[in-house]
Amino acid sequence: MIQAIRGTKDILPSEIENWYFLENIFRSVSDTFGYKELKTPIFEKTEVFSRGIGDGTDIVNKEMYTFDDRGGESLTLRPEATAALVRSVIQNKLANAGTAQKFWYFGPFFRYERPQKGRLRQFHQYGAECLATDKPESDVEVILLANSIIKKAGISDYKLLLNSLGNDSSRAEYREALIKYLESKKDLLSEDSQSRLQINPLRVLDSKDKRDIEIVVDAPILANYFDEESKNHFDIVTSMLDSLGVQYEISPKLVRGLDYYSHTVFEFQSSALGAQDSFGGGGRYNKLFSELGGKDTPAVGFAFGVERLLLILEELNLLPEVKTDCDIFIVAAGEGIQNYSFKIAQELRDSGFRVAVDLNDRSMKAQMRASNKSGAIFTILIGEDELNNNTVTIKNMGDSTQVNIPHKELSNYTFKIA
RNA sequence: GCGGGCGUAGCUCAGUUGGUAGAGCACCAGAUUGUGGCUCUGGUGGUCGCCGGUUCAAGCCCGGUCGCUCGCCCCA
């Protein structure tokens, strides 16, 4: 049996409505914030991500689906959206207008990882980006957008973790101090953290290893290295969130794994998930445009893991009700009756009803069973009598009442739910 | 990339010290010949993930492999 690729999943008819439920929320809430949808290709030149995300990150080093095309060019299935979106914005000159530009996206992404709960090799993200403004107001806006989507989906029990990485010079200074401190305790760190020390020392801060946690307790604190700009930016963000009544928790250890972040970073967590309890995250990235050859353009954005949102909805029983197969089921039994029944089915569909017919040429009893199972509110019965008299029998499945009316009156018949 | 658990009908699972498979649900058909949901009766359906090994004999033991799952790592 040929199987789907490891870490990929078919989205079956039984779950497709859940996807539309979320997609509709993404679209409508983004729209109320004035964000426009932007779709980039599924694959890009590899350098978009190696330069954008950062050569030191695990995503670039060991998780990308990278291959040479027939012309010998190195291409990569997109592992995230932001770098590709920035590439598109630069190429299409969308951020040259001098005012904030706001975009959202939804689609599949690819990372070669060990599959786990809420972690697939092909997964989906919704995200939004606010470009061309470095004002903290834009940080606040994207957080509000994310919050609105979560609320609209019905999720109320979640945590918003917030932190600031400061500007580049503050962070560079802190980085030095942190490395110095960690070097002094190097032997006590986990193996993972020892190797992280040089490449991405901030990540040691959010290690789950007991040894690391102990050492991190006494590590220098990022906020103490902030200059005026870094401090001001974050103060405005937090005070605005306060006055808007947005609940959040300052998490000094929240550093995020991608190289391009600075200033505000945030993450959404839910206890309804397993070890992968983060279902969304984002932050400010002011240097990405120049990394990708564009002119300096400040930006802030976030992404949700859609499969993880779905997991939360499922766990919390917030998924929409499953749709019935049809509104009206046509039961037609007898010789040469199919033409009549198909004609009636089509008339009803043309007037907007969801109509199913039995395709197995079975007994009336069997077709009635099928009608019952379909969830139809009405059954239309057609047998020899109806065919000969040019009538139809309409049965209300709720109260079992039925009426026989001439075919030509069907278009004016009012189907009333009992 | 590393570690743990698992893989038997469409679904959820049982299968005792190894002797070539069962239940419930679902599905199909009947219970007065044009009618559902309840009940009853009967039936269809499985190369026991795959490959190899041990054995007279393997769903049960051993090895490998693929996949799922949980955790580490990483991240959404």
Side-chain angles (χ1 to χ4, degrees), chain A residues 1-9 12 14 53 56-64 79-82 106 108-121 123-127 146 190-193 195-196 200 203 206-210 212 254-258 266-270 273-283 301-312 329-335 337 358 360 362-387 393-402 404:
Chain A
M1 180 171 49
I2 300 176
Q3 289 174 313
I5 293 167
R6 177 165 204 209
T8 70
K9 261 190 181 148
L12 303 176
S14 59
I53 301 172
T57 60
D58 278 15
I59 292 182
V60 170
N61 286 340
K62 36 189 201 197
E63 296 181 359
M64 295 207 302
E80 62 115 42
T82 306
F106 166 76
F109 296 89
F110 308 85
R111 306 225 269 244
Y112 188 84
E113 299 183 277
R114 184 87 179 252
Q116 210 178 301
K117 186 173 185 178
R119 195 175 73 183
L120 296 165
R121 287 182 174 181
F123 59 103
H124 295 74
Q125 290 192 337
Y126 160 88
S190 67
E191 295 74 30
D192 282 331
S193 286
S195 60
R196 270 190 292 234
N200 202 342
R203 290 220 57 97
D206 68 354
S207 168
K208 289 181 189 172
D209 191 286
K210 280 193 223 86
D212 298 338
L254 178 66
V255 295
R256 314 217 35 88
L258 280 58
F266 55 94
E267 188 166 301
F268 294 96
Q269 289 185 354
S270 166
L273 297 167
Q276 321 300 322
D277 60 351
S278 151
F279 64 93
F302 71 91
F304 284 133
V306 180
E307 280 83 359
R308 291 188 187 177
L309 280 172
L310 251 17
L311 242 29
I312 296 171
F329 192 103
I330 300 189
V331 166
E335 285 293 307
I337 235 153
D358 191 83
N360 290 317
R362 296 185 288 182
S363 71
M364 185 158 279
K365 190 188 187 74
Q367 293 189 44
M368 277 305 298
R369 268 200 294 266
S371 175
N372 185 53
K373 246 169 287 169
S374 75
I377 306 163
F378 293 93
T379 298
I380 289 184
L381 290 127
I382 303 170
E384 279 174 35
D385 293 349
E386 284 82 0
L387 182 63
T393 297
I394 301 169
K395 173 164 188 164
N396 183 320
M397 296 299 276
D399 59 15
S400 293
T401 57
Q402 59 185 60
N404 183 265

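Everything numeric in this text was worked out from a predicted model, so none of it was measured. Basis for what follows: all heavy atoms, side chains included, without hydrogens, waters or symmetry-related copies.
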- Item | Span that lies between the C1' atom of B/rC28 and that of B/rG45, in whole angstrom | 11 Å
- Message: Once you measure the plane-to-plane angle for A/Phe123 and A/Phe109, does it fall in the parallel (<30°), tilted (30-60°) or perpendicular (>60°) bin?
- Response: tilted
- Find the distance A/Arg114:CZ to B/rG4:C1' and express it as a whole number of Å. 10 Å
- Query: Base, sugar-phosphate, or nothing: which does A/Ser371 touch, judged by heavy atoms less than 4.0 Å apart?
  - Reply: nothing
- Note on the structure: Mate of B/rA23 across any strand shown (Watson-Crick or G-U wobble, both atom pairs under 3.5 Å) is B/rU12
- Using a heavy-atom cut-off of under 4.0 Å over every strand shown, decide if A/Gly375 touches base, sugar-phosphate, or nothing. nothing
- Among B/rG34, B/rA76, B/rC72, the one nearest A/Lys208 by side-chain distance: B/rC72
- Is the closest side-chain heavy-atom distance between A/Asp358 and A/Val331 below 4.5 Å? no
- Query: Hey, is the side chain of A/Lys117 pairing donor to acceptor with the base of B/rU69 inside 3.5 Å?
  - Reply: no
- Starting from the 5' end of RNA chain B, give me the residue, A/Gly281 or A/Thr393, whose nearest nucleotide shows up first. A/Thr393
- Message: With rounding to the nearest 0.5 angstrom, report the CZ to CD1 distance, A/Phe110 to A/Ile5.
- Response: 9.5 Å
- Message: Rounding to an integer number of angstrom, what distance separates B/rG18 and B/rU54 when you compare their C1' atoms?
- Response: 12 Å
- Query: Quick one: is A/Arg6 getting a side-chain N or O under 4.0 Å of the B/rC68 phosphate, OP1 or OP2?
  - Reply: yes
- Using a cut-off of 4.0 Å on non-hydrogen atoms, how would the nucleic acid contact of A/Gly127 be classed: base, sugar-phosphate, or nothing? nothing
- Query: With no angle test and no hydrogens, is the base of B/rU69 tied to the side chain of A/Gln116 by a donor-acceptor pair under 3.5 Å?
  - Reply: no
- Query: A/Ile312 has an atom CD1; how far is it from atom C1' of B/rA76, in whole Å?
  - Reply: 10 Å
- Item | B/rC28 OP1/OP2 closer than 4.0 Å to side-chain N/O of A/Lys373 | yes
- Task: Examine the base of B/rC70 for any acceptor or donor lying under 3.5 Å from a partner atom in the side chain of A/Arg119, and report the outcome as yes or no.
- Result: no
- Query: Hey, what's the ring geometry for A/Phe302 with A/Phe266, parallel, tilted or perpendicular (30° and 60° as the breaks)?
  - Reply: tilted
- Query: If you measure from the ring centre of A/Phe123 to the centre of the six-membered ring in the base of B/rA76, is it under 5.5 Å, with the planes under 30° apart?
  - Reply: yes
- With both distances under 3.5 Å as the test, what is the Watson-Crick or G-U wobble partner of B/rC61? B/rG53
- Considering just the side-chain nitrogens and oxygens of A/Arg203, establish if one lies under 4.0 Å of OP1 or OP2 belonging to B/rC73. no
- What integer number of Å spans the P atoms of B/rC11 and B/rC50? 15 Å
- To the nearest angstrom, the CZ-C1' distance between A/Arg362 and B/rG30 comes to 15 Å
- Just compare B/rU35, B/rA29, B/rA76 and give me whichever is closest to any side-chain atom of A/Phe279. B/rA76
- Query: Can you tell me how far C1' in B/rA31 sits from the matching atom in B/rA23, rounded to whole Å?
  - Reply: 24 Å
- Do A/Ser207 and A/Asp209 have side-chain N/O donor and acceptor atoms under 3.5 Å apart? no
- Task: Would you mind reading off the distance between A/Gln3 atom CD and B/rU69 atom P, rounded to a whole angstrom?
- Result: 12 Å
- Query: Any donor and acceptor pair, going by atom type alone, linking the side chain of A/Arg308 with main-chain N or O of A/Gly280 inside 3.5 Å?
  - Reply: no
- Can you tell me the distance, in whole Å, between the CD atom of A/Glu386 and the C1' atom of B/rU35? 11 Å
- Message: Within the structure provided, determine whether A/Met368 and A/Leu381 are in side-chain contact (heavy-atom separation under 4.5 Å).
- Response: yes
- Between P of B/rU35 and CZ of A/Phe378, the distance in whole Å: 21 Å
- When the distance from CZ of A/Arg308 to P of B/rA76 is rounded to whole Å, what number comes out? 8 Å
- Task: With C1' as the reference atom in both, quote the distance from B/rU16 to B/rA21 in angstrom, rounded to an integer.
- Result: 14 Å
- Message: Need one value for A/Ala366: base, sugar-phosphate or nothing, where a base atom within 4.0 Å counts as base even if backbone is also close, heavy atoms only.
- Response: sugar-phosphate
- Item | Interatomic distance at P, B/rG1 relative to B/rU65, whole Å | 12 Å
- When you compare B/rA58 with B/rG49, how far apart are their C1' atoms, in angstrom units rounded to a whole number? 16 Å
- Task: Take the protein atom CD of A/Gln367 and the nucleotide atom C1' of B/rG37, then report the distance between them rounded to whole Å.
- Result: 17 Å
